Amino acid sequence: MCAVPPLPVSNVHFCQGFFVASLHTSTAKMVSEKCLAKGSAAPGPVPKDKIRIYSMRFCPFAQRARLVLAAKGINHETVNIHLKEKPEWFLAKNPLGLVPTLETPAGEIIYESPITCDYLDEVYAGKKLLPSSPYGKAQQKMMLEHYSKVVPLFYKIPMGRRNGDDVSGLEAELKEKFGKLNEDLVKKKSKFFGGDSITMIDYMMWPWFERLAALQLEHCMDGTPELKKWTELMWEDPAVKACMHGTDTYKVFLESYAAGKPDFDYGL
């Protein structure tokens with residue numbers, strides 16, 4: 001959930017403003033590729049044949065929902081939000097001011113990335129990303145809960161480096177977490193975390209792995225061959241390709257964010 005609160009951060013409700021992602025598929029329409037800020041006019045009603053996602057190109061949490069939209073080929077439109085100067089009309093829809101937020105043609109509002117992704121998988125036909133069995137769903141939700149403990153390290157380590165702190169302990173912790181993920185793949189004897197095809201849990205985890213090079217954290221995957229194979233397979237996924245940007249782009253935004261002037265429209 002992207003909100004771009006002030007630094008430092010102490011939990012997973014931080015941005016999320018670190019990174020860049022965009023979506024370009026035949027089923028996507030960009031209402032405003034540039035982010036809409038305070039004082040902007042509200043977009044009109046959601047068309048009957050679409051769902052709208054309020055997003056931000058730099059948010060890995062919003063990217064989760066964009067990956068699901070792309071993977072399922074859902075007809076949708078995207079409205080990007082300026083997370084430091086949020087439009088009044090957006091806060092009226094979601095007082096928490098978080099992305100991703102979904103809006104249906106009926107005016108229904110859904111937010112929080114796991115909830116939006118589950119909603120999209122349940123409501124829309126096509127490829128099902130969640131297992132059909134209640135136990136299978138529970139397993140993925142338990143794994144996501146474990147992964148939520150890993151996510152803060154992707155922020156704490158770069159922030160610590162910028163502050164001149166010793167981050168060796170945090171890097172060791174991340175290597176340990178990656179080692180456990182590697183063991184999970186070994187035990188399952190599968191290509192992906194939900195089996196031999198991509199499922200919801202893979203998309204929920206992916207956005208941070210896409211940014212490892214920009215964060216200078218690739219070395220933390222040393223000694224995790226199965227996890228590396230997983231990343232190689234994920235890079236080839238059509239939905240991942242539709243939603244990604246290059247490492248150089250991520251680095252530029254990181255620099256702007258660290259300088260306190262995040263360029264939400266970088267590259268447009």
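As the structure is a computational prediction, the values presented were derived from the model and not from experiment.
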Indicate yes or no for a side-chain donor-acceptor contact from [X] to the backbone of [Y] under 3.5 Å, with no hydrogens or angles considered.
X	Y	result
Asp196	Ser190	no
Lys175	Cys220	no
Glu88	Lys38	no
Asp202	Thr199	yes
Arg64	Pro60	no
Arg66	Thr78	no
Asn163	Asp165	no
Lys86	Gly97	yes
Asp265	Lys34	no

Of the non-hydrogen atoms in [X] and [Y], which two are nearest, and what is the gap between them?
X	Y	value
Leu69	His76	CD1-CD2, 3.7 Å
Thr116	Ala65	OG1-CB, 3.9 Å
Val79	Pro43	CG2-CG, 4.3 Å
Ala62	Ile53	O-CD1, 4.3 Å

Give a yes or no on this: more than 12 heavy atoms of other residues, nucleotides or ligands lie within 6.0 Å of atom [atom1] of [X].
X	atom1	value
Glu122	CD	no
Lys191	NZ	no
Lys127	NZ	yes
His146	NE2	no

Quick one, [X] and [Y] - any side-chain contact, counting heavy atoms below 4.5 Å?
X	Y	answer
Met200	Pro114	no
Gln63	Tyr203	no
Gln140	Pro131	yes

Could you check whether [X] pairs with [Y] (Lys NZ or Arg NE/NH1/NH2 to Asp/Glu carboxylate O, under 4.0 Å)?
X	Y	result
Glu226	Lys188	no
Asp121	Lys137	no
Glu183	Lys180	no

Should the ring pair Trp208 and Phe61 be called parallel, tilted or perpendicular, given that the plane angle runs from 0 to 90° and is split at 30 and 60?
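Plane angle over 60°, so perpendicular.
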
Can you say whether the rings of Trp206 and Trp230 are parallel (under 30°), tilted (30 to 60°) or perpendicular (over 60°)?
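Trp206 and Trp230: perpendicular rings.
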
Nearest 0.5 Å, what's the CG-CG distance between Leu67 and Asp237?
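The CG atom of Leu67 sits 8.0 Å away from the CG atom of Asp237.
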
Tell me whether the centres of the aromatic rings in Tyr266 and Tyr257 are closer together than 6.0 Å.
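No, they do not, as the ring centres are separated by 6.0 Å or more.
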
For the ring pair (Phe, Tyr, Trp, His ring centres under 6.0 Å) test, which of Phe90, Phe264, Tyr54 pairs with His82?
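The residue from Phe90, Phe264, Tyr54 that satisfies ring pair (Phe, Tyr, Trp, His ring centres under 6.0 Å) with His82 turns out to be Phe264.
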
